[in-house]
Amino acid sequence: LHTLSIADAGQISLQKQRLKLGTLVNDLLAQMQPQLQAAHMHCELLLPDNEEESDIRADPDRMRQIVTNLVSNAIRHASNGRWLGVCVHSVESDDGEPWVELQIDDAGPGLPQELKAHPFQRFAQAPGKRRREGSGLGLSIVRVLTEAQGGRVQTSTSPRGGSRFSLQFARA
């Protein structure tokens with residue numbers, strides 16, 4: 001809640017630097033491997049052959065927070081699909097600018113219908129979920145931290161029927 005409050009006030013602190021998003025994601029997934037294994041989730045990671053293709057200007061701590069929130073959500077809500085797909089690749093914006101995209105897919109049940117229209121709304125939770133299963137702030141934090149760094153985020157359906165979160169950041 002503190003992160004969202006300071007973001008609303010335009011006071012979020014960012015220590016932006018050049019970083020290789022692919023390397024950060026790879027290292028973070030290695031650290032989260034015990035949680036993935038405990039949830040019986042197989043993680044499929046696709047990174048660019050050339051590390052420079054994933055260079056962005058961002059705050060490494062905030063990027064870790066974003067990825068951790070998304071992977072933790074998948075573990076919590078989509079482990080029955082037993083699969084997590086993570087991909088970092090180059091994309092081009094509509095105006096031809098180079099961006100780096102992070103896609104996190106799962107094979108779970110997908111977002112409940114009630115959340116599809118506003119997945120990044122604060123305190124949003126699927127009906128029937130108990131508060132101890134999460135605060136409903138994780139995706140709001142992902143959106144705020146992504147946009148504070150000049151990025152954009154959206155949701156869709158993954159190729160395996162679960163959720164897809166796509167985040168894009170300008171290439172450094």
Side-chain angles (χ1 to χ4, degrees), residues 1-39 41-79 83-91 98-106 108 111 119-124 133-156 158 162-172:
L1 202 51
H2 176 71
T3 299
L4 294 170
S5 297
I6 59 174
D8 285 346
Q11 301 297 315
I12 196 156
S13 70
L14 295 172
Q15 305 300 315
K16 289 173 94 174
Q17 57 186 273
R18 185 182 203 108
L19 67 91
K20 296 180 183 338
L21 183 58
T23 301
L24 182 140
V25 168
N26 186 48
D27 293 347
L28 195 54
L29 287 172
Q31 291 171 14
M32 296 185 79
Q33 196 59 39
Q35 294 98 307
L36 289 162
Q37 287 176 338
M41 289 185 83
H42 167 71
C43 184
E44 188 176 312
L45 176 62
L46 296 171
L47 300 174
D49 291 333
N50 179 354
E51 281 188 341
E52 276 70 42
E53 289 181 29
S54 73
D55 280 0
I56 61 173
R57 284 198 55 77
D59 182 313
D61 292 332
R62 298 299 188 175
M63 291 305 300
R64 282 185 201 90
Q65 191 175 4
I66 289 168
V67 176
T68 298
N69 280 2
L70 291 171
V71 173
S72 294
N73 265 5
I75 291 169
R76 187 178 309 118
H77 301 291
S79 62
W83 177 81
L84 181 71
V86 180
C87 178
V88 176
H89 61 273
S90 295
V91 295
W99 288 72
V100 175
E101 183 171 64
L102 166 64
Q103 287 181 336
I104 298 182
D105 292 311
D106 65 59
L111 288 172
F120 302 104
Q121 181 178 339
R122 293 176 191 181
F123 304 111
E133 294 180 37
S135 64
L137 294 175
L139 293 180
S140 299
I141 291 169
V142 166
R143 180 187 53 83
V144 165
L145 293 179
T146 299
E147 291 175 356
Q149 298 183 89
R152 48 191 180 221
V153 60
Q154 63 183 12
T155 64
S156 58
S158 84
S163 296
R164 168 176 280 177
F165 291 90
S166 301
L167 294 80
Q168 295 180 346
F169 300 91
R171 199 144 134 214

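Source: prediction; values computed, not measured.
Heavy atoms only, all atoms of each residue included: Ser158 and Ser163 are closest at CB-O, 3.5 Å. Of all heavy-atom pairs between Ala148 and Leu14, the closest is O-CD1, 3.4 Å. The two residues Met41 and Ala78 make their nearest non-hydrogen contact at CE-O, 4.0 Å. Of all heavy-atom pairs between Gly138 and Asn69, the closest is O-ND2, 3.4 Å. Taking both residues in full, the closest heavy atoms of Leu36 and Cys43 are given as CD1-CB, 4.1 Å, listed atom of the first, atom of the second, then distance.
The shortest side-chain heavy-atom distance between Val86 and Leu47 does not fall under the 4.5 Å cut-off. Counting only heavy atoms from C-beta outward, the side chains of Ile56 and Leu19 approach each other to under 4.5 Å. Here the side chains of Pro48 and His89 are not in contact, with every heavy-atom distance at 4.5 Å or above. Counting heavy atoms from C-beta outward, Gln149 and Asp59 have side chains that approach closer than 4.5 Å.
Residue Ile66 is tested with Leu167, Val71, Val153 for a side chain to side chain contact (heavy atoms under 4.5 Å, CB included); the sole match is Leu167.
Of the possible donor and acceptor atoms, one in the side chain of Ser140 sits under 3.5 Å from a partner among the backbone N and O of Phe120. Using a distance-only test at 3.5 Å, with no hydrogens or angles considered, no donor-acceptor pair links the side chain of Thr146 to the main chain of Gly151. Distance alone, capped at 3.5 Å, places no donor-acceptor pair between the Ser166 side chain and the Gln154 backbone.
Every residue meeting the salt bridge (Lys or Arg N to Asp or Glu O under 4.0 Å) condition with Arg164, not counting sequence neighbours, appears here in chain and number order: Asp105. With sequence neighbours left out, Gln168 forms a side-chain hydrogen bond (donor to acceptor under 3.5 Å, both in side chains) with Glu101, Arg152. For Trp83, the side-chain hydrogen bond (donor to acceptor under 3.5 Å, both in side chains) partners two or more places apart in sequence, or in a different chain, are Glu44. Scanning for side-chain hydrogen bond (donor to acceptor under 3.5 Å, both in side chains) contacts around Glu147 gives Arg143, with sequence neighbours left out. Partners of Arg57 under the salt bridge (Lys or Arg N to Asp or Glu O under 4.0 Å) rule, at least two apart in sequence or in another chain, do not exist in this structure.
Remark: Gln35 CD to Ser79 OG distance equals 13.0 Å, nearest 0.5 Å. A distance of 13.0 Å separates NZ in Lys16 from CZ in Arg62, rounded to the nearest 0.5 Å. Note that CG of Leu102 is 7.0 Å distant from CZ of Phe169, once rounded to the nearest 0.5 Å. For the atom pair CG (Asn73) and CD1 (Ile104), the distance works out to 10.0 Å, reported to the nearest 0.5 Å. Rounded to the nearest 0.5 angstrom, Leu145 CG and Arg64 CZ are separated by 13.5 Å.
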Donor-acceptor contacts, no H, no angles, side chain residues 20-33, under 3.5 Å, sequence neighbours left out:
{"from": "Lys20", "atom 1": "NZ", "to": "Glu52", "atom 2": "OE2", "distance (Å)": "3.2"}
{"from": "Lys20", "atom 1": "NZ", "to": "Asp55", "atom 2": "OD1", "distance (Å)": "3.1"}
{"from": "Thr23", "atom 1": "OG1", "to": "Glu51", "atom 2": "OE2", "distance (Å)": "3.3"}

